[in-house]
Amino acid sequence: EVFHLSHKVTRVVPESALLIVLGLFLGGIVWAADHIASFTLTPNVFFFYLLPPIVLDAGYFMPNKLFFGNLGTILLYAVIGTVWNAATTGMSLYGVYLSGIMGQLDIGLLDFLLFGSLIAAVDPVAVLAVFEEVHVNEVLFIIVFGESLLNDAVTVVLYNVFDSFVAMGADNVTGVDCVKGIVSFFVVSLGGTFVGIVFAFLLSLVTRFTKHVRIIEPGFVFVISYLSYLTAEMLSLSAILAITFCGVCCQKYVKANICDQSSTTVRYTMKMLASGSETIIFMFLGISAVNPDIWTWNTAFILLTLVFISVYRVIGVVIQTWVLNHYRVVQLEIIDQVVMSYGGLRGAVAFALVALLDEKKVKEKNLFVSTTIIVVFFTVIFQGLTIKPLVQWLKVKKSEHREPKLNEKLHGRAFDHILSAVEDISGQIGHNYLRDKWSNFDRKILSKVLMRRSAQKSRDQILNIFHELNLKDAISYVAEGERRGSLAFIRSSSTDNMVNVDFSTPRPSTVEASVSCLLREKASSVCLDMQALEQRRKSIRDTEDTVTHHTLQQYLYKPRQEHIHLYSRHEIIQNEDEKQDKEIFHRTMRKRLESFKSTKLGINQPKKLNKSHKRDRGQKRRNSNAIPNGKIPSENPAPDFTLKEKGIDNPAFSADDDQSIYMKFPPWLTDEDSVVPSQRARVQLPYSPNNFRRLTPFRLSNKSVDSFLLADGPEERPRAFLPETTHM
Amino acid sequence: MGCQSSHPSAIPELDEIMLETGFSQASVVRLYDRFQALDKEQKGYLSKYDLQGIGELAVNPLGDRIINAFFKEGEDLTDFRSFIRVLAHFRPVEEGKSNETGRPEPMNSRLRKLQFAFQLYDQDSDGKISRDEMLQVLRLMVGIQVTDEQLVCIAERTIQEADQDGDGAISFEEFATSVEKLNVEQRMSLRLLK
C-alpha cells in the first residue's frame, strides 16, 4: 500500500477513505477520457473473488477465545441489531415517503424494507479498515468485528426474503411467506456455519497427512477454505459465515499440523490477498461512483437515509447494551457504546447487494444505488476520519494530562501489575465450565483425529523423557540443549498463536542500555516522554535525570492491560515481549525455589522427606494419571488431566496443552536415594522454554500435598509425580 | 470444578463479610466459588502453593509479593474471610459517596488501596520504604538490561523526588502525596468486583 509510506497521513485519514478518493480520481480520469464507465464493481467479482480472502483472513486470525467468550453479545448485536436497523430504517423511510416529502417514486413498502435490509448491515471490511487506526480495547473490538462478520446471515436472509417478496408483488405476500422467511434465517445461518465447520474438519484432516507434500500445504488451506465458501453459496447458505467458521475452527489444527514454512506462507499469502482485495474494493467503490448513468438524486431520501441509519444504530446499540449489561460481567460503558454506534460503518457489501438488484423488479434501483454510494462514502470517509479524534477526546476526558513524575510512573506501573495479579487471583467468572468441557473434548477426541501425531507427541515428549531419564541426566540433557540453542523435540517458537496473546504492544527491540542509545530510541512511547522531558529540561539541569526517566520508561515491565493490537490487515503481529515473560518467570521461579529450599530442606524428616519432597512449590506439574507409560501408581483417581484455566483468560497459558510442556522440579525432589542437586541446578533454573506462550500450569494431582504445612496433621498420601518405581 | 455456584447459605459468616467488605452477595458467592476452585484439596484454606498455581502470577513482576499479601505474618494458610478481605481493597469506589465522618474507613477507599500498595513495598513493615526496599521493588519491575548501578541511581532519584522530610526513606504520607495525581481509585479497582 502506497499509503503506508506516509504514516502521518494514515494516522489521521483511514486508508479506506484515501482509497475511495483515489478511486474517484481514477474513475474521473476514465470517464473524462472515454465518457463511459468501463470499470465497475460487479457483484459477481465482489462476492466471488474479492470478499472471500478478506473474510478468510479475518477468520483464520480471529482471536478465538475472545470471540467465543463474547459470542452471546456478538450474536445479539449481529442478529437483533441488524434486524432492528433494517426494520426501522425501512419503515421510517416508508413513513416519510407516505408523507410526500420525497416526491413521486415508484416504490412500495417492500422496496423500502429491501433497501433497509441491505443498508443496515455493518460491513467487516470497512470496520476493520477503520479500527486498525483506532486503538480500542479488545472486547469492544471483537464485538464490533464479530458483529460485522456474523450479520451477514441476517443480511442475506433479509435481502433474499424481501427480494422475493418484491418479485411476487406486495399483494401476494402472505403470512406463510413471512414464516418461511424466518425459518430460512435459521437454515441459512446454521447451515452456513455447519458447512464451514465441515470444511474446517476436512482441512484439518487433510493437513494431518500432508507430511510428504509440504510444498502444497498452503494450497490446501486456501483451496479448501474457498471450497467452503463456494459450497455454501451453491446451497444458498450464508457463504460468509461458512468461510468465517472454516477459518475460525481450523486455525488451531492447521497451525499445529503444517510445517513452519507452510505456516509462514499461509500467513503472508492470506494477508496479501486480504490487503489486495481490500484495496481493490475501495478503489472500485470510488471508480464505480463515477458513472452518471446511475445517478439519481433525491435529497430527502438520501438525507433521511443517512439520518435514520445513524440514529437507529445509536438507539439500537444503547438498548441492547442496557439489556446485555445485566448479563455481562464486564460491562460496556458509554465510551464503548459510542464507539460501537459510531463504528457501524457500511461498506462494499451494501454496494454489491444494491448493484445486484433487478431493476425490472425494483424500479427505483438507481436511486437506491446512488443513496448507497453516498451512505458508504459518508460512513467510510466522514465517520472513519472522525472516529479516532472522537475516541481520543473521550479517553482524554477521563485521564489527566500532565507529565508524570518518576514516582508516578513507577507506582502507576506497580498498580497495574497489582491489578492484573488480583484479576488473576479473583479469576474470571463464567464461561469456564463450557470452556473446560470443550478443551476436554478437544484434547481427547478432536486433537487425536485432527492433529498430526508428531504435534500431539511433542506435548507428551518432555513428560516421557523426564520420566525415563534419571533426573541428573535430565538436567544435563537440558543443559546440553540450552547450549545447542534449542531442544530438538520442542517446537520452535512460533508466532502462530499470537492472536491469542494479550501481552503488551510490540515493543521496539531492546537496545543496549547506554545513554546515547536510549536517547536515540524512536519508540513512540519514548517520544511522548521526549516532549515532557523537553519541558523538564528547563528545570532539570541534570542529564542523569533524563536518563533515569528514559530508563524507567524504557525498561519498566509492561503490565497486561496495556492495549494490544489484536488484528491487523497489514501486519502479522509479533509478540516481542516474550523476553519480559521469560525474565520475570525466571526470577519468580528462582525465588520460589529458594524459599522452598530454605524452609523445607532444614527440616529433618526422612520418612516424610520421601513423600513430601515430591511436592512442588509453585511449579508446573502434570496429573499423574496422564502419564502414559503407566509406571505411576495411580492412587489418585482424578480423571482429568485437564488444564484448568484458573485466572482470567491468559493466552500465555492457553488451555491448549498441545503446546510444549514445561516441567521443572527442584533436583532434590527425589526418592530416598536422592540425587544430589548439581551446583548449577542450585544456582540457576535448569531450563526455560523458548516459547513462553506454551506454558501451561498443571496440577499433578488434586490432593493436597503440602504435608509440611500439615506436619502435625494426618499423614498425606504420597503424591507421586515421580514414579516411585522408577529409578529416579 | 467447573462453575457450579455455591449456595449463599454455604458460605460462613456471609453477612459479616458483606458488611465488612461491602461486596454484594452475588460477588461474595462468586469469590467463594473462586476460593474453592483454587483450593484444590478442599482444605477450606488456601496455601501459598495454591495461589502459586495460578500461572499468570509467575509472569507478573509483583506476583509473589501479592500472594504474600494474602497471608498474615508467618502464616501459610488463609481462610476465605482473609482472602476476601484483601480483594475488598479492589472493589470499585462508588461514585458520589461523600466521606461520612464517624463511619469506619471503607476497605476500598483510596486510603486503603494505597495502604495495600504501600505494604507491598514495605516488606519489613517499619512504616517506611527504605532505599533497599525501593531497590528491591525496582529490581523486580525493571528488565535485566538495567544494570545495578543504574538501578541504584533510579532508586535514589525516586526517593529524592518523594522524600519531603529528608530522612532518605519514604513514609506512607510521602508515598500518598507522590501519587496524589494518579487516579488510584480507578487503577486499583476491578470492575468485576462490585
Side-chain angles (χ1 to χ4, degrees), chain A residues 329-331 399-400 402 405-408 410-427 429-430 432-433 436 510 513 544-545 548 551-552 555-557 580-581 583-585 587-589 591-592 617-618 644 646-647 650 652-653 695-697 699 702-704 706 709, chain B residues 1-4 30-31 33-34 37-38 40-41 43 47-49 51-64 66 70 76-77 87 90 116-117 120 137-138 140-147 150 153-154 157-158 161-162 175 178-179 181-184 187-193:
Chain A
V329 178
V330 177
Q331 308 277 281
S399 63
E400 297 170 28
R402 319 144 295 111
K405 296 190 285 178
L406 210 53
N407 267 281
E408 288 172 357
L410 178 68
H411 298 313
R413 195 54 71 83
F415 292 158
D416 293 333
H417 286 304
I418 296 174
L419 193 60
S420 76
V422 171
E423 255 178 22
D424 293 324
I425 292 179
S426 62
I429 296 105
N432 278 344
Y433 181 64
D436 290 339
T510 45
E544 222 182 60
D545 231 36
T548 313
T551 314
L552 211 57
Y555 291 114
L556 265 181
Y557 285 135
Q580 168 179 321
D581 299 346
E583 289 170 16
I584 303 180
F585 185 78
R587 198 181 286 155
T588 312
M589 284 303 146
K591 286 221 175 78
R592 290 184 184 174
R617 296 214 92 189
K644 301 292 185 223
K646 295 179 197 113
N650 186 339
F653 301 97
L695 288 183
T696 48
R699 285 270 184 162
N702 292 344
K703 299 204 70 186
S704 166
D706 200 353
L709 288 178
Chain B
M1 219 181 87
C3 207
Q4 300 115 358
R30 259 211 306 266
L31 289 171
D33 289 336
R34 175 65 176 166
L38 288 173
K40 289 296 209 176
E41 299 93 17
K43 319 186 276 297
S47 65
K48 286 193 190 174
Y49 165 72
L51 287 178
Q52 283 172 344
I54 303 175
E56 293 83 344
L57 291 178
V59 286
N60 188 314
L62 299 175
D64 278 349
I66 293 163
F70 279 85
D76 285 319
L77 293 178
L87 293 179
F90 293 89
F116 181 79
L120 290 179
V137 174
L138 275 169
L140 280 180
M141 288 187 39
V142 159
I144 55 175
Q145 301 90 349
V146 181
T147 64
Q150 285 177 310
C153 178
I154 296 178
R157 289 240 168 268
T158 313
E161 206 183 63
F175 173 71
S178 71
V179 295
K181 297 244 183 71
L182 287 181
N183 188 355
V184 175
R187 289 177 90 148
M188 296 252 288
S189 292
L190 275 184
R191 281 202 295 193
L192 296 174
L193 308 176

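So you know, we letter chains A, B, ... as the sequences are listed, proteins then strands, and number each from 1.
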message: Heavy-atom cut-off 4.5 Å, strictly under: side chain, backbone, both or neither for L120(B) against chain A?
response: side chain
statement: Closest heavy-atom pair, L62(B) versus A414(A), reported as atoms and distance to 0.1 Å, is CD1-O, 3.8 Å
field: Contact origin within D64(B) toward chain A - heavy atom pairs under 4.5 Å
entry: side chain
field: Closest heavy-atom pair and its distance - H417(A), N60(B)
entry: O-ND2, 2.9 Å
query: Which heavy atom in L138(B) sits nearest to a heavy atom in L410(A), and how many Å separate them?
result: CD2-CD1, 3.5 Å
task: For S178(B) and E408(A), work out which heavy atoms get closest and say how close.
output: O-CG, 3.4 Å
message: With rounding to the nearest 0.5 angstrom, report the CZ to CZ distance, F415(A) to F116(B).
response: 11.0 Å
message: Give me the atom names and distance for the closest heavy-atom approach of L419(A) to M188(B).
response: CD1-C, 3.9 Å
Contact summary for L38(B) and I425(A), nearest pair of heavy atoms: CD1-O, 3.8 Å
